[in-house]
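Below is one structure; the comments refer to it alone.
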Amino acid sequence: MKMLYAALIAALVLAGGTGAADQPSQKKVLLTSKDGALSISGTLLGFDGEFYRIRTAHGNLTVDGEGVTCKGSGCPDRENFIARMTISGSRTMGDVLLPALVEAFAVQEGMKLRRVVRSDRDFDYVLRRSGDGREVARLAFRLSNTEQGLSDLLAGKADMAMALREIRSEENDVAKKTGLGDLSIARRARVIGLDGLVLVVSPRNPVEGLSFETLAGIFAGRIANWQEVGGPDAPIAVHTRGPESGLTQGFQDKVMRGYGLVLSDKTIVHESSEDLVDAVARDPFAIGLASYSEVGNAKVLSLTGECGFAIRPSILTLKSEDYPLATPLFLYMPRYRFPEVGRDFLRFLGSHTAQLVIRRAGFVDQQPLEISIGSQGERLANAITAAGKETKLADLKELVAELKPARRLSVTFRFQAGSTLLDAQSRANVVLLSHLLKAGQYHDKTIIFAGFTDGEGTAETNRLVSERRANAVHDAVLKMVDGIQEQQLKFRIKAFGETLPIACDTEAWGRRINRRVEVWLR
Amino acid sequence: MLDAPCKAEQIVEILHEGLVFTELTSRTGHVSVTVPALAEKARFTVRFADRTMVHAMAEVPEVIDHDRIVLLWQGNADLNIRALEFGADYGDVGHVQAEAPGHAAGRDEVRGIIMRLGRSDRPENVRHAEIYSFPRAMSNRSGAVRLALEAGVNAFTCDREIEATALWKTVAGVMRPTDIVLFMPGCNRIGNRLVLKNVLPDLKIARN
């Protein structure tokens, strides 16, 4: 509690950007309109290159710099303004990905780049105009973990937080109280790409896949010998990142919690994912919790279910979230305006070039993939195997007739555990799909929203539930594309209920994966 | 290979697609040096102390078969690239460094090399270059090559900022320079080496 209070005070003083708020007591300014008719005096809180933010007797005001002249000791140098921003948080995102994006951004803007290195976790990028070499921006990177990044953002020590998990409600409460705004909304929780939690072993380890339950047992320290899971008689060495890492926290929330277990305190802890996967690759008796983007020389395991389904992480299964441990890469940002360079950088993150950079850095970009029904053979085979009890041949025939001439889009919508609310990746998908529709990407196609459920309950109820979900996704997307004529877009809602499971209905995670709305194009 | 009998015992600069290093001509005005090509149409320039220049051009189509990372620095700064290929640890086969050329490769193993360039009359006048090359097209392995930048803390560099430039290929396929400034540890750490694992990009190799 005491810590939260301290964070609150710091944020009140510093709100307005880390580059903007040194020594407010000395920053007296008098802003006068160009015609001299109006003037306001106060203390400068921040300047983003265009707007002054000042504290006055009437409260905090934001004033367009174009319309006024500034007098006083606190006036910033408008001509030689340097945008300063601090980006703090996850090493998984900050080691390679964000630097590569900054480098590509500099190339696109024709700016010169200099990396000032204090250590691997503490470095700045200095951006200069190529013509006169004037410094225009300084982006400071502070790498630690998701938790620290969010805490820096809340304390006003960072302008953006790199995070591998969603902000928690108690963190968001602090953000709202300190004037940073509601950080849970899509605009302040930008998903810049995707990654996944993956389990790795040495290439010399014969194990190819493990179930959630076994994994939870291993990471809790209950299963301590490979013999117990069909391997050689040797103790299991468990490798993880620290407890504040987004990877560790995500695994705890998505896997361990379901079995009422917590991570053992006897794991071998690494400071970076790179160190972790390299250590695992060298030890045939090790297992590690890593990310899809950084598996180095280790071997990635499939997730298996007791009914025989096995899912491997891949670009496709991460984009479609068919792999249950997909993790969006979040960039959290506050309500205040960023300097122009910062806004340009954010715009760049959605560009085609940025998607290429994200892929080359080993992460998963957000460009949707189209998959023909031919390459969905395994899913159909699974459905036929599972059919019989309630699913009838007629249902499968209907499904094939509807989808055979269509192609599935990797964009898939899923729901928060035990809820009808979309999960974070799916909320980002609403934005993504509506952008593509607005851009006319699929103007000559019929867009099919195909709802599916798990196998709990009767087939009849499930058909209704899947229809309701497909409708809800359709409505959410349509709301975002307002502005274009509805008749220009051809939508179709299909409800397939429990017809096409892609994971085991006997396990909670399998049911969550099966409850989905797919998008098909015809 | 450069032949310039009238310019004996001189410092010359050799420039190639962003790569720069100094060399010394012999008493007969000779310089013989092997330089890895960084472009298919490779342009080389030799700049003499009197600023006269000689240009040469070579077609090197096999450039695309290699991944190359270049590090440039000057004078007494003690920098080097260190590569750990496919999970190798320090001292293993697969630990590649210019000073200690790696152990002989196994029969089927393709590995990278680090070439070190740069000579002059006095240490402070040397423009150094190191190039790590990995023959991607010939490799039948998949995995990661970890590249680290190492900087020795010595009497010239301790407690100072030292500058370097690194070159690697962007997504657009061109070699691009990034200037680097390193804050070196204090002089009580003389003799240590600073190891930076994230300044140079790791190579991710997929099996052909």
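Residue numbering restarts at 1 for every chain, and letters A, B, ... go by the order of the sequence lines. What's counted below: heavy atoms across the whole structure, side chains too, no hydrogens, waters or symmetry copies. Predicted model only: the values in this text are computed from it and were never measured.
- For a residue to count as touching a neighbouring chain, one of its non-hydrogen atoms must lie under 4.5 Å from one of that chain's; by this rule B:K197 touches chain A with backbone and side chain alike.
- Panel note: side chain A:D278, backbone B:G87; no donor-acceptor pair is recorded below 3.5 Å.
- Looking at A:V277, the atoms closer than 4.5 Å to chain B (heavy atoms on both sides) all sit in the side chain, from C-beta outward.
- Residue A:N297 holds its CG atom at 6.5 Å from CZ of B:R146, rounded to the nearest 0.5 Å.
- In this structure, A:R129 places its CZ atom where more than 12 heavy-atom neighbours from other residues, nucleotides or ligands lie under 6.0 Å away.
- Of the candidates B:L194, B:V199, B:L149, A:V117 forms a side chain to side chain contact (heavy atoms under 4.5 Å, CB included) with just one, namely B:V199.
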Could you walk me through whether B:N198 and A:E274 pass side chain to side chain contact (heavy atoms under 4.5 Å, CB included), step by step? CA-CA 10 Å; B:N198 289 323; A:E274 241 179 70; 3.2 Å; yes
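- Side-chain contact between A:V107 and B:R176 is present, with heavy atoms from C-beta onward closer than 4.5 Å.
- Residue A:A361 touches chain B through its backbone alone, counting heavy-atom pairs closer than 4.5 Å.
- Within a 6.0 Å sphere centred on CZ of B:F156, other residues, nucleotides and ligands contribute 12 heavy atoms or fewer.
- Across all their heavy atoms, B:V195 and A:D120 have their closest contact at O-OD2, 4.1 Å.
- The candidate with the highest count of non-hydrogen atom pairs below 4.5 Å against chain B, out of A:A281, A:A104, A:P99, A:G296, is A:G296.
- Only the side chain of B:D202 has a heavy atom closer than 4.5 Å to any heavy atom of chain A.
- With a 4.5 angstrom heavy-atom cutoff, A:R128 does not touch chain B via any of its atoms.
- Note that CG of A:L113 is 5.5 Å distant from OG1 of B:T178, once rounded to the nearest 0.5 Å.
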B:D179/A:R115 under salt bridge (charged side-chain N to carboxylate O under 4.0 Å, His left out): CA gap, chis, key distance, verdict: CA-CA 6 Å; B:D179 290 332; A:R115 177 165 168 151; over 6 Å; no
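- Of the two parts of B:E163, only the side chain, counted from C-beta on, holds a non-hydrogen atom closer than 4.5 Å to a non-hydrogen atom of chain A.
- Neither the backbone nor the side chain of B:A166 has a heavy atom closer than 4.5 Å to any heavy atom of chain A.
- In terms of heavy atoms, A:R360 sits closest to B:K169 at NH2-O, 2.6 Å.
- Proximity to chain B is absent for every atom of A:D122, based on heavy atoms less than 4.5 angstrom apart.
- Enclosure of atom CZ in A:R134 by more than 12 non-hydrogen atoms of other residues, nucleotides or ligands within 6.0 angstrom is indicated.
- For the set A:R282, A:E103, A:E294, the count of heavy-atom pairs under 4.5 angstrom toward chain B peaks at A:R282.
- Smallest separation of non-hydrogen atoms from A:V116 and B:F183: CG1-CE1, 3.0 Å.
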